[in-house]
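Note: hydrogens, waters and symmetry copies are ignored here, and every other heavy atom, side chains too, is used. Lettering follows sequence order; numbering is per chain, from 1.
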Amino acid sequence: MEIFNTLTGRKETFRPREPGKVGIYVCGPTTYNFIHLGNARALVVFDTIRRYFLYRGYQVSYVQNFTDVDDKIINRARAEGMDPAVLAARYVDEYFVDADALNVRRADVHPKASNHIPEIIELIQTLVDRELAYEAGGDVYFAVRKFTDYGKLSKRSVDDLRAGARVEVGEQKHDPLDFALWKAAKPGEPRWDSPWGPGRPGWHIECSAMAQKYLGVGFDIHGGGADLIFPHHENEIAQSEGATGRPFARYWVHNGFVTIREEKMSKSLGNVSLMRELTRIHPGAALRLFLLSNHYRSPLDFNQESMDAGVRSLERLKTSINLVREALESRRVRENTPDDAGGLAAALDQLRTRFEAAMDDDFNTALAQAVLFDLAGEVNGYLHHSERPNRGVLQKVLDLFTVFNNVLGIFPEREGWLVLEAESLGGELSHRLLDLLIAVRQDARRRKDFATADRIRDGLRELGVTLEDTAESVRWKKTGHQWPEGNGRSTT
RNA sequence: GGCGGCGUAGCCAAGUGGCUAAGGCGACGGUCUGCAAAACCGUUAUUCGGCGGUUCAAUUCCGCCCGCCGCCUCCA
């Protein structure tokens, strides 16, 4: 397995700290709002990486924190007249709603800064004892210039950084480059007792403390968005390696940004896309497919065209899986016919090899997706050309879809069965009405009253239900339109 | 200014020092269909931003130029 390591700037063969085991720490969101598309990309990328290690048989320890003590939380809580802890807890809950929509699995541990104050204080104390940190007016700062390796991750020299560094009002840094490990509490702010007086941890220190606690020193993979390289991860390295004298993490993995219509997504541009909005409009599976549609280190542009293409390509996968399922249930399937498509079974082995090669090469999910589409193409062709498809080979196809999906996580899985979508029309009555309309239309078709038949089909299409006539039955599927509860009609 | 990335068909997007430059979306033609839809078959980059260089051979390596983007401040 080859992984691009930000620390060395190149792809390296992955060698775990302990054979058969891999420890991964990913920086999770600061819980002051719903997560946005950029957060979602990081989540999905690292969830997929984790899944691939599991596929490869590793025992994975996957840790993703929540930053629940932070200026942004305090400010927002103040603005809303809420207790910061309550606000943070609320958005932790909301995080899971969005993560679930993207089929992102729970981490093995989801540590929160607020639950690790003693560990944080202990780590700061170690840094103070080693004279890499100093107290000033109730704050504690890390002395960047005393850590000689500073800048090794972001490839910056301390002198380059000097120009950009600034000192906020009220800070008492000895050097503008220094950063806060501990912030003295101002009136009305959350506070914990410490050897330096009441206060709260700075942003970077929590990750050092929690990663070390759950994964130990020198764990395998530390991940996050590329914007965390500097200063967050650089500072984590300084703190952790300063305190232990040993390498903090072995492979640093960073995902690229999401842009929106070619612009960086940011608050100031007002173009932040919250997942809560997006999942209302698009199926989670389509969003996940889109998020994995290019290499994780490249920028990914979100726009209507790309998303539409994602939705349609998802349809292709669903259709194929459904065709296989239908065939397996149909009368034409045979137990003992030879694999008469000229080697579908052999093709499956090749596809699996290609899939692994793609993922082995720095988690090339775009290539891995192509394998999924090739699988769809292979089996569609087989079903089209074979009068008597072989049950065994079709089952293998379904199994392979499941194996691939287990890594890419596009469709949720329930008891080994891929859930392609919630085929819900919003109630039992709707389903019965639809069945009735389809039956009436079938009668019309038998009478060759195609005007009526087409009127029903066209009308349903406008309502977001597409009918497909097959030799044996009529299929329907939901397309496009969403029907939010209670609020009437919404056009996407 | 410092650091880093990108430029492949109408769009999205993999990729490689030389065998037919993946895959998806779209478009076009055909099969199927009452007509559709879906599916299938076929077509859709003699060419990989431009100019040089290295090489028997470059889209792939190097240099320069043009264009785009990100980080250097909180940010996935």
Mind checking [X] for me? I need base, sugar-phosphate or nothing, with any heavy atom below 4.0 Å counting as a touch.
{"X": "A:Ala370", "result": "base"}
{"X": "A:Leu467", "result": "base"}
{"X": "A:Lys448", "result": "nothing"}
{"X": "A:Asp454", "result": "base"}
{"X": "A:Gly310", "result": "nothing"}
{"X": "A:Phe373", "result": "sugar-phosphate"}
{"X": "A:Gly38", "result": "base"}
{"X": "A:His232", "result": "nothing"}
{"X": "A:Val258", "result": "base"}
{"X": "A:Arg441", "result": "base"}

Under 4.0 Å between a side-chain N or O of [X] and OP1 or OP2 of [N]?
{"X": "A:Arg312", "N": "B:rG26", "value": "yes"}
{"X": "A:Asn303", "N": "B:rC12", "value": "no"}
{"X": "A:Asn364", "N": "B:rA14", "value": "no"}

Nearest of [options] to any side-chain atom of [X]?
{"X": "A:Ser298", "options": "B:rA38, B:rA14, B:rC74", "answer": "B:rA14"}
{"X": "A:Arg156", "options": "B:rC72, B:rC25, B:rC40", "answer": "B:rC72"}
{"X": "A:Phe450", "options": "B:rC25, B:rG34, B:rA39", "answer": "B:rG34"}
{"X": "A:His385", "options": "B:rA13, B:rG23, B:rC40", "answer": "B:rC40"}
{"X": "A:Arg457", "options": "B:rC3, B:rC12, B:rA36", "answer": "B:rA36"}

Base-pairing assignment for [N] (Watson-Crick or G-U wobble, both under 3.5 Å):
{"N": "B:rC48", "answer": "none"}
{"N": "B:rG67", "answer": "B:rC6"}
{"N": "B:rC56", "answer": "B:rG18"}
{"N": "B:rC28", "answer": "B:rG42"}

Look at the side chain of [X] and the base of [N], then say whether one donor and one acceptor between them are separated by less than 3.5 Å.
{"X": "A:Arg445", "N": "B:rG34", "value": "yes"}
{"X": "A:Arg41", "N": "B:rA76", "value": "no"}
{"X": "A:Asp469", "N": "B:rC35", "value": "yes"}
{"X": "A:Arg316", "N": "B:rC25", "value": "no"}
{"X": "A:Asp227", "N": "B:rG70", "value": "no"}

Note to self: Less than 4.5 Å apart, side chain to side chain, heavy atoms only: is that true for A:Leu460 and A:Arg441?
What the structure shows: no
Margin query: Any heavy-atom pair between the side chains of A:Tyr141 and A:His174 that's under 4.5 Å?
Written below: no
Notebook entry, point to check: A:Thr259 or A:Glu378: which one's nearest nucleotide on RNA chain B is closer to the 5' end?
Noted result: A:Glu378
Next item on the list: Nearest-nucleotide wise, let me know which of A:Thr466 and A:Pro299 is further upstream toward the 5' end of RNA chain B.
Entry: A:Pro299
Taking the six-membered ring for Trp and the single ring otherwise, decide whether the centroids of [X] and [Y] are under 6.0 Å apart.
{"X": "A:Phe219", "Y": "A:Phe248", "result": "yes"}
{"X": "A:His222", "Y": "A:Tyr251", "result": "no"}
{"X": "A:His254", "Y": "A:His233", "result": "yes"}
{"X": "A:Phe66", "Y": "A:Phe96", "result": "yes"}

Checklist line | Atom pair CZ (A:Arg297) and CG (A:Asn255), whose distance is rounded to the nearest 0.5 Å | finding: 11.0 Å
